[in-house]
Colleague: 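This is the structure, below, for whatever I ask next.
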Amino acid sequence: MEAKCMKNKRMKIARVEKDLSQEQLAELVGVARQTIGLIELGKYNPSLNLCVAICKALEKTLNDLFWEE
């Protein structure tokens, strides 16, 4: 298992698959674009509420985007 603050490639891939920019995803979940960028770079650990909001926006589960197997 990697460190908690890992790069989130799965989130970035899911965002790109939904054809959303970081800014568009940020608007959907109510945060700044920079927050989405930091999460994708592994430089920010989102709250559980933000994780859930991102999952809903990207139509993914928490396991799909944030939990390591």
Side-chain angles (χ1 to χ4, degrees):
M1 179 178 281
E2 295 181 38
K4 287 183 177 182
C5 205
M6 65 191 172
K7 282 189 180 180
N8 199 322
K9 292 180 184 175
R10 291 180 290 175
M11 182 178 132
K12 183 174 182 177
I13 291 168
R15 177 178 58 76
V16 171
E17 285 176 349
K18 292 280 291 179
D19 200 26
L20 292 172
S21 66
Q22 288 183 347
E23 186 166 351
Q24 290 169 321
L25 178 57
E27 285 181 27
L28 287 173
V29 300
V31 298
R33 184 203 58 78
Q34 290 83 354
T35 301
I36 299 300
L38 290 172
I39 295 168
E40 289 181 355
L41 290 173
K43 295 183 177 181
Y44 180 80
N45 279 326
S47 68
L48 181 57
N49 285 342
L50 180 53
C51 289
V52 170
I54 290 169
C55 287
K56 286 181 179 177
L58 298 178
E59 298 178 353
K60 298 289 184 182
T61 68
L62 288 169
N63 284 340
D64 291 338
L65 299 183
F66 296 102
W67 270 228
E68 283 295 304
E69 294 181 15

Colleague: Could you report the tightest heavy-atom contact between Pro46 and Cys51, atom names first, then the distance?
Modeller: CG-SG, 3.6 Å

Colleague: With rounding to the nearest 0.5 Å, note down the distance linking CD1 in Ile54 to CG in Asn49.
Modeller: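 One finds 11.0 Å between CD1 of Ile54 and CG of Asn49.
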
Colleague: Does the side-chain contact (heavy atoms from CB on, under 4.5 Å) test come out yes or no for Thr35 and Leu50, once each step is laid out?
Modeller: CA-CA 10 Å; Thr35 301; Leu50 180 53; 4.1 Å; yes

Colleague: I'd like to know if Leu48 and Phe66 are part of one continuous hydrophobic network [Ile/Leu/Val/Met/Phe/Trp/Tyr, side-chain heavy atoms within less than 4.5 Å].
Modeller: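 Phe66 clusters together with Leu48.
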
Colleague: Once rounded to the nearest 0.5 Å, what's the spacing between atom CZ of Arg33 and atom CD of Glu27?
Modeller: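 Answer for the CZ-CD pair, Arg33 versus Glu27, is 12.0 Å.
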
Colleague: Between Asn8 (side chain) and Leu65 (backbone), is there a donor-acceptor pair under 3.5 Å?
Modeller: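 Yes; at least one donor-acceptor contact below 3.5 Å.
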
Colleague: Should we say atom CD of Glu23 is surrounded by more than 12 heavy atoms from elsewhere, each under 6.0 Å from it?
Modeller: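 Count not over threshold, so no.
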
Colleague: Do the non-hydrogen side-chain atoms of Met11 and Leu25 ever get within less than 4.5 Å of each other?
Modeller: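 With C-beta onward as the side chain, the pair touches.
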
Colleague: Is the closest side-chain heavy-atom distance between Val29 and Ile36 below 4.5 Å?
Modeller: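 With C-beta onward as the side chain, the pair touches.
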
Colleague: Please check this pair: side chain of Arg15 against backbone of Leu20, looking for a donor-acceptor N/O pair closer than 3.5 Å.
Modeller: yes

Colleague: Look at the side-chain heavy atoms of Ile, Leu, Val, Met, Phe, Trp and Tyr, link any pair under 4.5 Å apart, and say whether Trp67 and Ile39 land in one connected group.
Modeller: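 Same cluster.
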
Colleague: Mind checking whether Tyr44 and Leu62 sit in one hydrophobic cluster, side chains of I, L, V, M, F, W, Y counted as touching below 4.5 Å?
Modeller: yes

Colleague: Calculate, to the nearest 0.5 Å, the distance between atoms CD and CD belonging to Glu59 and Glu17 respectively.
Modeller: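 One gets 11.5 Å once the value is rounded to the nearest 0.5 Å.
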
